[in-house]
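Counting starts at 1 for both ligands and their atoms, following the listed order. Residues: numbered from 1 along the sequence shown. Basis for what follows: all heavy atoms, side chains included, without hydrogens, waters or symmetry-related copies.
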Amino acid sequence: SPMSVANAKHTVLNPVTPYTGPIPGGLHPGEIIIIQGTVPPDADRFQIDLSSGSSTKPRSDVALHFSPRFQGSPCVVCNSLLQESWGKEETLHQLPYKCGAPFETIILVHDDAFKVAVNGSHLLEYKHRIPVNRVDTFSISGNVRVHAIGYIPNS
Ligand code: 9QG
């Protein structure tokens with residue numbers, strides 16, 4: 001059945017960006033994060049990061065860096081940051097976001113991968129490089145307005 005922010009156990013409304021906050025209870029397989037927002041006109045890029053802690057110095061490991069890019073050849077770049085180094089990028093040359101338009105992004109946590117859907121359609125899968133049980137922090141930054149972040153627990 002379709003998931004919406006109405007199903008969320010915890011919701012963060014209209015956060016100021018860049019936003020970083022705790023994922024309530026940490027992240028577990030079966031859980032879902034819903035992000036509703038709007039891409040401003042003339043956006044270059046924004047990014048969603050699921051991290052292990054919120055340290056900036058040294059920078060915390062990022063399990064999922066999800067980066068829609070609007071300039072040049074439109075794409076979505078995913079990667080992980082481990083011990084302050086980026087790994088190999090996984091780039092999808094497809095961009096379901098539109099400058100000036102609202103969106104809904106759903107991140108589903110599976111045992112082996114994150115699955116990301118945008119506006120009701122599956123977009124990509126990203127295999128875990130960092131154990132999900134280390135992820136406890138959500139960030140969103142760049143050219144984006146955020147209306148709501150919802151956390152839906154695994155039943
Ligand atoms: O550019 O690519 C993802 O592979 C880098 C960017 C970096 C990431 C990375 O500079 O930018 O997108 O968190 C970061 O440092 C973001 C904002 C090869």
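Relative orientation of the Phe114 and His128 rings is perpendicular, given thresholds of 30° and 60° on the angle between their planes.
Each of the atoms 6 (C), 8 (C), 11 (O), 12 (O), 16 (C), 17 (C) of ligand 1 lies under 4.0 Å from some heavy atom of Arg45. With ligand atoms numbered from 1 in the order given, ligand 1 contributes 13 (O), 14 (C), 15 (O) to contacts under 4.0 Å with heavy atoms of Arg59.
In this structure, Lys88 does not count as a contact residue of ligand 1, since none of its heavy atoms falls inside 4.0 Å of the ligand.
By the criterion of a heavy-atom distance under 4.0 Å, the side chain of Arg69, and not its backbone, is placed next to ligand 1.
Side chains of Val118 and Tyr97 form a contact here, defined as non-hydrogen atoms less than 4.5 Å apart.
What sits closest to atom 2 (O) of ligand 1 on the protein, heavy atoms only, is Glu89 OE2, 3.3 Å. In terms of protein heavy-atom proximity, atom 8 (C) of ligand 1 is nearest to His65 NE2, 3.3 Å. Among protein heavy atoms, the minimum distance from atom 9 (C) of ligand 1 is reached at Trp86 CE2, 3.7 Å.
Ser51 and Thr137 form no side-chain donor-acceptor contact under 3.5 Å, judged by distance and modelled atom types alone.
A continuous path of ILVMFWY side-chain contacts below 4.5 Å connects Phe103 to Val116, so both sit in one hydrophobic cluster.
The two residues Val144 and Thr17 make their nearest non-hydrogen contact at O-OG1, 3.7 Å.
Other residues, nucleotides and ligands place more than 12 heavy atoms under 6.0 Å from the CG atom of Asn154.
Checked by distance only, ligand 1 and Asn79 come closer than 3.5 Å through their nitrogen or oxygen atoms.
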